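Below, each value reflects all heavy atoms present in this structure, side chains not excepted, and no hydrogens, waters or symmetry copies. Just so we're clear, the structure is a prediction, and the values are computed from it rather than from any experiment.
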Amino acid sequence: MTLRIYNTLTRKKEVFTPVEKGKVKMYVCGMTVYSDAHIGHARTYLAFDVVRRYFEYKGFDVFYVQNITDVDDKIIASANQRGEDPLEYSRRYTERCLEALDALGIRRADLYPKASETIPDMIKMIERIIEKGYGYVADGDVYFSVERFPEYGKLSNQRIEELEAGARIEPGEKKRNPLDFALWKKAKPGEPWWESPWGKGRPGWHIECSTMSSKYLGLPFDIHGGGMDLKFPHHENEIAQAEAATGKPFARYWMHVGLLTVNGEKMSKSLGNIINIKDLLERWDAEVIRFFFVQNHYRSPPDFSEKALQDAEKSLERIHRLKERLKKLSEREKNGSRGDEKGFLSSIEGFKEKFELAMDDDFNTPRALGVIFDFIGKTNKFLEETEEPASEVCRRALDTLVKLCNVLTLLQDESKQEVDLNEMLPLLEKYELETLEISSGMEALELLLKVREDARAKRDWKKADAIRDDLQRIGFEVEDTESGPRWRKKRVV
RNA sequence: GGGCAGGUAACAAAGUGGCUAUGUGGCGGACUGCAGAUCCGCAUACGUGGGUUCAAAUCCCACCCUGCCCUCCA
């Protein structure tokens with residue numbers, strides 16, 4: 001089975017063949033750590049988390065590098081504003097940002113190299129660029145000469161002349177061509193600096209990615225990714241620098257993630273609609289947010305809104321309900337039944353194949369989700385038709401469901417089905433139940449359910465419904481089934 | 001001006017030259033004391049105008065509209 005990836009470089013879907021058999025080396029442009037991580041970051045890093053998970057699912061050994069930009073104009077500006085040391089400031093935000101992504105349930109990359117810790121390597125690369133005639137020094141600054149690199153523009157499919165027409169020249173620029181970009185910037189007063197052959201200064205933004213990716217992955221490496229906004233000029237510049245310096249091809253597959261909008265508008269500082277992850281997690285479950293993203297293809301721009309999350313939450317419920325149902329069924333011991341277990345088991349394999357087909361087609365997560373929902377429908381039907389499904393069969397279905405969902409970052413956390421005693425106490429009182437012997441929330445809930453069952457047995461529907469409604473109000477959904485009441489905890493908004 | 005994506009039913013979102021995407025919501029049915037869940041069924045689609053074809057929402061052309069990039073941005 002072959003995996004095909006849409007390569008921005010060729011604007012086509014291409015069959016993925018790794019540089020080194022069985023391995024995937026991927027690099028994704030990381031965060032500039034000057035403020036809290038926002039949902040745009042979440043969108044991108046979640047997309048690549050799914051990419052890496054699917055590669056692992058297929059048996060590849062993945063090495064995933066994501067840089068941290070901790071030397072940058074905005075960081076310096078923010079730090080100076082607060083009278084803080086820029087490097088200390090960025091160190092603090094690095095942790096904050098990574099923790100926000102952790103909280104969202106995005107797995108960490110294997111390595112997070114920092115710009116500030118890779119300066120000597122960057123200097124070496126800049127020296128090589130100058131040696132080979134692609135860079136020039138101008139009063140303590142070093143620039144890359146775009147005209148010297150004939151392939152400039154190959155990623156974004158633009159010609160230098162066209163770009164020049166649209167470019168603007170700042171007064172007092174030391175550049176020879178407006179498209180030239182800084183490899184090294186001369187230090188200004190109050191800025192952090194490093195010694196270099198060109199005097200005190202700091203690296204330009206683009207050079208760090210060329211340096212870190214080639215340092216940790218070697219050239220060429222397999223996948224280079226990032227947000228759509230980085231395609232030009234950042235990624236274009238990365239290619240120019242790395243290929244100019246080494247003479248080797250850089251990254252083989254370029255993947256770009258569609259940028260999200262918020263209520264139909266671009267998310268930007270000027271609009272004041274930046275949603276940061278921590279704020280969002282106070283109101284929404286991490287998995288709901290992940291579901292929302294996975295529902296969209298990584299290349300298309302999702303539109304973020306509260307309604308979209310509400311919809312995502314409802315859809316997710318369907319998956320959780322089946323998971324819990326299967327879990328209970330597979331925990332009890334039943335071998336064999338009257339249902340068509342063989343037919344069901346073989347259909348499971350069919351769903352797996354369809355899932356893989358969808359993911360093999362440029363990580364088509366919405367289609368893969370469709371397959372999962374088909375599988376859910378099929379499984380529910382099987383369970384309806386089968387009186388006592390064998391626990392082994394249920395376990396197999398559960399394993400498949402979890403395995404496929406895990407690739408999409410779903411069902412990765414154990415659902416928190418604990419019961420808080422304090423929540424239950426008012427209800428125990430309301431129904432005048434003895435609280436002395438109750439020592440846990442679970443016992444309290446079970447007592448309430450038992451009382452409700454007694455009421456139902458006496459056809460006291462009023463009381464039974466009242467208990468159900470009260471439990472619903474504190475987030476417990478109660479359903480009556482043939483085998484007794486079934487409950488599950490829901491998020492209370 | 002140049003580059004890159006899109007316009008699919010109530011909403012979200014895939015896909016395909018002829019065969020149910022899917023989820024949420026709506027309607028009807030089964031089940032239930034009721035509800036819920038679940039199952040079964042139904043409805044509402046492919047921006048506009050041409051063209052190619054036995055057949056196009058899917059290919060081609062034109063047009064309209066939307067978003068993004070060309071300045072820092074995931």
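- More than 12 non-hydrogen atoms from other residues, nucleotides or ligands lie less than 6.0 angstrom from CZ of Arg321(A).
- A donor and an acceptor atom, one from each side chain of Tyr54(A) and Asp360(A), are located under 3.5 Å apart.
- Among the atoms of the strands shown, base atoms are found under 4.0 Å from some heavy atom of Leu260(A).
- A distance cut-off of 5.5 Å between ring centres, combined with a plane angle under 30°, places Trp461(A) in a stacking arrangement with the base of G33(B).
- Distance from the side chain of Asp374(A) is smallest to A21(B) among A21(B), C11(B), A74(B).
- When rounded to the nearest whole Å, the span between CZ of Arg159(A) and P of C70(B) equals 19 Å.
- With C70(B), A5(B), A14(B) as the choices, the nucleotide that has an atom nearest any side-chain atom of Arg11(A) turns out to be A5(B).
- Considering only side-chain N and O atoms, Asn380(A) lies under 4.0 angstrom from the phosphate OP1 or OP2 of C39(B).
- Put simply, OG on Ser315(A) and CD on Gln295(A) are 5.5 Å apart, with the number rounded to the nearest 0.5 Å.
- Look at CZ on Phe293(A): it is 14 Å from P on A74(B), rounded to the nearest Å.
- Of the listed nucleotides (A5(B), C34(B), A74(B)), C34(B) has the atom at the smallest distance from the side chain of Arg456(A).
- Closest to the side chain of Tyr45(A), from the set A74(B), C40(B), U24(B), is A74(B).
- For Cys29(A), taking side-chain heavy atoms from C-beta onward, the closest of the listed nucleotides G15(B), G36(B), A74(B) is A74(B).
- Listed candidates were A74(B), U22(B), C69(B). Nearest to the side chain of Phe373(A) is U22(B).
- Close to A14(B), at under 4.0 Å from its OP1 or OP2, lies a side-chain N or O of Ser300(A).
- Base pairing of C68(B) is made with G3(B), judged by Watson-Crick or G-U wobble geometry with both donor-acceptor distances under 3.5 Å.
- Within the nucleic acid shown, Gln295(A) comes within 4.0 Å of sugar-phosphate atoms alone, with no base atom in reach, counting heavy atoms only.
- Each of Lys74(A) and Ser315(A) has a nearest nucleotide on RNA chain B; the 5'-most of these lies closest to Ser315(A).
- Side-chain atoms of Arg468(A) come within donor-acceptor range of the base of C34(B), with a qualifying N/O pair under 3.5 Å.
- For the C1' atoms, the distance linking C59(B) with G41(B) amounts to 36 Å, nearest Å.
- Judged by distance alone, with hydrogens and angles left aside, Asp229(A) brings no side-chain donor or acceptor close enough to the base of C72(B) to form a pair under 3.5 Å.
- Considering only side-chain atoms of Thr44(A), the nucleotide from A5(B), A74(B), C69(B) that sits closest is A74(B).
- Following rounding to the nearest Å, Asp303(A) (CG) and U66(B) (P) show an atom-to-atom distance of 16 Å.
- Rounded to the nearest Å, the gap between the P atom of G2(B) and that of G50(B) is 28 Å.
- Checking Glu208(A) against Thr69(A) by side-chain atom types alone, a donor-acceptor pair falls below 3.5 Å.
- Between Arg321(A) and U38(B), a side-chain N or O to OP1/OP2 separation shorter than 4.0 Å is present.
- With a cut-off of 3.5 Å on both Watson-Crick or G-U wobble distances, the partner of A12(B) is given as U22(B).
- One side chain, Tyr152(A) or Asn237(A), offers a donor N or O that lies under 3.5 Å from an acceptor on the other.
- Between the P atom of A74(B) and the CD atom of Gln66(A) lies a distance of 11 Å, rounded to the nearest Å.
- Pair assignment for C63(B): G47(B), on the basis of Watson-Crick or G-U wobble contacts that are both within less than 3.5 Å.
- Here Pro366(A) lies in heavy-atom contact (under 4.0 Å) with a base.
- Here Val478(A) lies in heavy-atom contact (under 4.0 Å) with a base.
- Counting to the nearest Å, the C1' atom of C11(B) and the CZ atom of Phe292(A) are 13 Å from each other.
- A straight line from CG of Asp362(A) to P of A13(B) spans 17 Å, rounded to a whole angstrom.
- Set against A35(B), U38(B), A74(B), the side chain of Arg325(A) has U38(B) as its closest nucleotide.
- Put simply, Tyr6(A) has a side-chain N or O that comes within less than 4.0 Å of OP1 or OP2 on A5(B).
- For the C1' atoms, the distance linking A62(B) with G23(B) amounts to 37 Å, nearest Å.
- Phosphate proximity of A13(B) to Asn296(A): present, with a side-chain N or O under 4.0 Å from OP1 or OP2.
- The main-chain N or O of Leu260(A) is never found under 3.5 Å from a side-chain atom of Asp303(A) such that the two would form a donor-acceptor pair.
- Pairing for A35(B) is absent, with no Watson-Crick or G-U wobble pair whose two atom distances lie under 3.5 Å.
- You'll find that the side chain of Phe232(A) is closest to C70(B), out of C70(B), A14(B), A12(B).
- For the C1' atoms, the distance from C46(B) to C34(B) is 42 Å, rounded to whole Å.
- One can find a donor-acceptor pair under 3.5 Å joining the base of G33(B) and the side-chain atoms of Asp465(A).
- For Lys381(A), whose side chain is taken as the heavy atoms from C-beta onward, the closest listed nucleotide among C40(B), A21(B), A74(B) is C40(B).
- Look at the P atom in both C11(B) and C61(B): the space between them is 30 Å, to the nearest Å.
- Residue-level contact check: Leu259(A) touches the bases, meaning some heavy atom is under 4.0 Å from a base atom.
- Between Thr32(A) and A74(B) there is a side-chain N or O to OP1 or OP2 distance below 4.0 Å.
- To the nearest whole angstrom, the two C1' atoms, one in G7(B) and one in G18(B), are 24 Å apart.
- One interatomic measurement links the two molecules: NE2 of His297(A) to P of G6(B), which rounds to 9 Å at whole-angstrom precision.
- Look at NZ on Lys314(A): it is 11 Å from P on A37(B), rounded to the nearest Å.
- Lys266(A) comes within contact range of at least one nucleobase, with a heavy-atom separation under 4.0 Å.
- Comparing Ala368(A) and Gly226(A) against RNA chain B, the residue whose closest nucleotide sits nearer the 5' end is Ala368(A).
- Comparing the same atom, C1', in A5(B) and in A21(B) gives a spacing of 23 Å after rounding to whole Å.
- The side chain of Arg318(A) contributes an N or O atom lying less than 4.0 Å from OP1 or OP2 of C39(B).
- A side-chain donor-acceptor contact under 3.5 Å links Glu238(A) and His235(A).
- Comparing the C1' positions of C31(B) and U20(B) gives an interatomic distance of 25 Å, to the nearest angstrom.
- Among the atoms of the strands shown, none is found under 4.0 Å from any heavy atom of Gly264(A).
- A salt bridge between Glu99(A) and Arg96(A) is absent, with no side-chain N of the basic residue lying under 4.0 Å from a carboxylate O of the acidic one.
- A salt bridge does not link Asp362(A) with Lys13(A): every distance from a Lys NZ or Arg NE/NH1/NH2 to an Asp or Glu carboxylate oxygen is 4.0 Å or more.
- Electrostatic pairing of Lys378(A) and Asp374(A) does not count as a salt bridge here, judged by no charged N lying under 4.0 Å from a carboxylate O.
- Side-chain nitrogen and oxygen atoms of Lys378(A) include none within less than 4.0 Å of the OP1 or OP2 phosphate oxygen of C39(B).
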